[in-house]
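Since the structure comes first, as structure tokens, the remarks are kept for the end.
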Amino acid sequence: MKKLKILNIVGARPQIIKASAISRAIAGEFSGEIEEVVVHTGQHYDRELSDVFFDELEIKQPDHNLQVGSGRHGRQTGMIMERIEDVILDEKPDCVIIYGDTNSTLAAALAAAKQHFPVVHIEAGMRSFNKTMPEELNRIMADHASTLLIAPTNAAFKNLMSEGFRPENVAPYSINNPRVFLTGDIMYDNSLFYADLAERKKQDFLTGLGVADREFVLVTIHRDSNTDDPERLSAIFSTIKELSEVNSMPMIMPLHPRTMIALRNRVPELYAAISDHPFLRVIPPVSFLEMILLEKRARLIITDSGGVQKESHFFSRPCIVLRKETEWVELVKNGTVKLADANPARIKEAWDYFVANGSTLQYPAFYGDGKAAIIILKEVLAVFRS
Ligand code: UD1
Ligand code: UDP
């Protein structure tokens, strides 16, 4: 039987990591049934935001790199659409797989759907209900351009129902008669798969940092609402600095280049203070295996990342999220993620709560059994193999 041809679209760091679960399953169990073509939009291009993951996670190297680079939303999204349309028309895939909520997700969804190629959206139905986030616009539009919508959580599935998607639709599926499907989360697959490898390969990295288990806090910050507003940026980093000093607690901070640029340009005095500080360790972005070790060993995690807050759960660590809201609502309900916005009092309150109650927290399995990629690809074959 002819193989099903899929375009696997990545662009930003978390998408490359997510795609590795699908890539790995195709190379293994589905090698006789699916042909994979990897398209990298080039939205992220620094080695530590892109190549490091292809090398470390042994993902298939991109067959096409559109090299769009950085730019304002319209320009970046437009450039991806223009270039990816050529690839789609040339490759003529049976379907196009997109992940999450970046500009690469939106551009690929629109370009494919307008040329009548079916779209599979992995992480469909995630909603923050805050349309001032670029990601919220991207995910809503990507969902409504898709033929197969893969919801990773019950909450995501319900969000799709309330937007009019119907679970009772039957084959043949199309953009006008889409299939909504609840699975686990492919990032849980990845965290399980790579956790042992991280332990085996990355001990030197931890030793090099000179921090002991549970005696440091991991911090990541990159969300535009935090980096682009000097007041929020300043409130967040001043509070982290204060907490590290009051508690003599090392903070390991692998910072996205966006955050480094913002600190240098928008709050130069604070940048100088945190760059040369006994407890604050600002380092470049780390690889996924390194990140897993940091997440596993941290006392607690402070982040505005979607992926990192979920990984805090996979590795049973409490997490303070520097946003007003989250798409991963089950974590907040569970009490292991606390939303603190960029509010110093709320950040400190969450810190105190976790320090006092950390050992009593529970981390139930919300995200499947680590086999989401296989379930998704079986569904892709069922829907698109004619
Ligand atoms: C993007 C996604 C965001 C996701 C994040 C993952 C959008 C709208 N946002 O945000 O949802 O959480 O990726 O990390 O798609 N830069 C570099 N080197 C790079 C890439 C970017 O220095 O390789 C710098 C540039 O100054 C650039 C800035 O980071 O202007 C922002 O990059 P961009 O891709 O536009 O958005 P992210 O903030 O990375
Ligand atoms: N990550 C990483 N190195 C880092 C920071 C993050 O490997 O220095 C991983 C992290 O473990 C998670 C993903 O990148 O799997 C999250 O990406 P990011 O925070 O950039 O984006 P978001 O998930 O918020 O879209």
Side-chain angles (χ1 to χ4, degrees), residues 10-21 40-53 56-57 67-77 79-80 98-108 123 126 128 132-139 141-142 185-191 193-195 198 202 205 218-228 252-262 264-265 282-296 298 301 303-315 317 319 321-323 326-328:
V10 299
R13 164 171 68 189
Q15 296 169 323
I16 303 169
I17 302 172
K18 286 168 197 170
S20 75
H40 191 332
T41 65
Q43 178 172 347
H44 285 178
Y45 43 86
D46 284 347
R47 178 171 165 72
E48 61 264 29
L49 293 186
S50 175
D51 286 1
V52 67
F53 302 108
E56 185 176 70
L57 310 181
Q67 298 189 318
V68 298
S70 301
R72 288 207 310 255
H73 287 278
R75 184 164 186 275
Q76 187 178 58
T77 309
M79 276 172 75
I80 300 171
I98 57 172
Y99 301 86
D101 52 23
T102 72
N103 288 345
S104 296
T105 314
L106 172 65
E123 272 191 20
M126 304 312 300
S128 64
T132 66
M133 282 181 81
E135 291 84 1
E136 184 76 350
L137 296 175
N138 291 346
R139 29 174 115 94
M141 293 188 222
D185 186 334
I186 49 171
M187 281 310 296
Y188 186 48
D189 298 17
N190 277 336
S191 292
F193 185 82
Y194 291 115
K202 292 292 178 178
F205 166 73
L218 172 65
V219 181
T220 83
I221 291 153
H222 76 282
R223 196 69 45 204
D224 66 342
S225 54
N226 287 332
T227 59
D228 297 3
I252 305 293
M253 306 200 282
L255 289 188
H256 189 297
R258 171 181 208 130
T259 317
M260 290 297 280
I261 296 166
R264 250 188 242 123
N265 294 343
V282 175
I283 58 174
V286 297
S287 77
F288 186 54
L289 297 185
E290 290 163 352
M291 191 64 182
I292 285 179
L293 273 200
L294 290 173
E295 289 168 340
K296 281 180 84 174
I301 297 174
T303 190
D304 61 10
S305 160
V308 175
Q309 63 185 279
K310 217 163 5 119
E311 288 158 16
S312 76
H313 190 80
F314 301 156
F315 298 120
R317 306 316 311 147
C319 183
V321 170
L322 304 172
R323 286 180 50 196
T326 180
E327 304 75 34
W328 306 99

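Whatever order the structure lists them in is the order used to number ligands and atoms, beginning at 1.
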Verdict with reasoning, Met187 to Phe314, per side-chain contact (heavy atoms from CB on, under 4.5 Å): CA-CA 9 Å; Met187 281 310 296; Phe314 301 156; 4.1 Å; yes
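Applying the 4.0 Å criterion to heavy atoms of Ala12 picks out, from ligand 1, the atoms 13 (O). Listed by number with element, the atoms of ligand 1 under 4.0 angstrom from any heavy atom of His73 are 8 (C). Every atom of ligand 1 is numbered from 1 in the order shown, and the set under 4.0 Å from a heavy atom of Arg223 is 11 (O), 12 (O). The distance from ligand 1 to the heavy atoms of Pro257 drops below 4.0 Å at these ligand atoms: 17 (C), 18 (N), 22 (O).
Ring planes of His44 and His256: perpendicular class, angle over 60° (limits at 30 and 60°).
Proximity of Thr41 to Gln76: side-chain heavy atoms (C-beta onward) are nowhere separated by under 4.5 Å. In this structure, the side chains of Asp101 and Met126 stay at 4.5 Å or more apart for every pair of heavy atoms. Here the side chains of Leu322 and Arg223 are not in contact, with every heavy-atom distance at 4.5 Å or above. Proximity of Cys319 to His313: side-chain heavy atoms (C-beta onward) are nowhere separated by under 4.5 Å.
More than 12 non-hydrogen atoms from other residues, nucleotides or ligands lie less than 6.0 angstrom from CZ of Arg47.
Glu311 and Ser191 are not linked by any side-chain donor-acceptor pair at a separation below 3.5 angstrom, with hydrogens and angles left out of the test. There is no side-chain donor-acceptor pair under 3.5 Å between Glu135 and Ser128. Judged by distance alone, the side chains of Thr220 and Thr303 do bring a donor and an acceptor atom under 3.5 Å apart.
Given atom 39 (O) of ligand 1, the protein heavy atom at minimum distance is His44 NE2, 2.7 Å. Shortest contact from atom 2 (C) of ligand 1 to any protein heavy atom: Thr102 CG2, 3.9 Å. Among protein heavy atoms, atom 36 (O) of ligand 1 sits closest to Arg258 NH1, 3.5 Å. Residue, atom and distance of the protein heavy atom nearest to atom 26 (O) of ligand 1 are Ile261 CD1, 3.6 Å. In terms of protein heavy-atom proximity, atom 4 (C) of ligand 1 is nearest to His222 NE2, 3.8 Å. Among all protein heavy atoms, the one lying closest to atom 8 (C) of ligand 1 is Asn103 OD1, 3.4 Å. Protein heavy atom in closest approach to atom 18 (N) of ligand 1: Asp46 OD2, 2.9 Å.
Asn138 is linked by a side-chain hydrogen bond (donor to acceptor under 3.5 Å, both in side chains) to Asn103, counting only residues two or more places apart in sequence or in another chain.
Residue contacts with ligand 1 for Leu49 involve side-chain atoms from C-beta outward but no N, CA, C or O (heavy atoms, distance under 4.0 Å). The part of Pro14 lying near ligand 1 is the side chain, judged by heavy-atom distances below 4.0 Å. Residue-level proximity to ligand 1 for Glu135 is carried by the side chain, the only part with a heavy atom below 4.0 angstrom.
Of all the listed residues (Arg13, Gln43, Arg72, Arg47), Gln43 holds the heavy atom that lies closest to atom 1 (C) of ligand 1. For atom 21 (C) of ligand 1, the nearest non-hydrogen atom from the set Gly100, Ala107, Ser70 comes from Ser70.
The backbone N or O of Asp304 lies less than 3.5 Å from no partner atom in the side chain of Gln309, so there is not a single donor-acceptor pair.
Checking each of Ile17, Ile16, Ile186, Thr105 against Tyr99 for a side chain to side chain contact (heavy atoms under 4.5 Å, CB included) leaves exactly one that passes, namely Ile186.
Classification of Arg139 and Glu123 as a salt-bridged pair fails, no side-chain N sitting under 4.0 Å from a carboxylate O.
At least one N or O atom of Tyr45, backbone or side chain, sits closer than 3.5 Å to an N or O atom of ligand 1.
Contacts of ligand 2 (protein heavy-atom distance under 4.0 Å) are Arg13, Pro14, Ile17, Phe53, Met187, His222, Arg223, Pro254, Pro285, Val286, Ser287, Phe288, Met291, Glu295, Ser305, Gly306, Gly307, Val308, Glu311.
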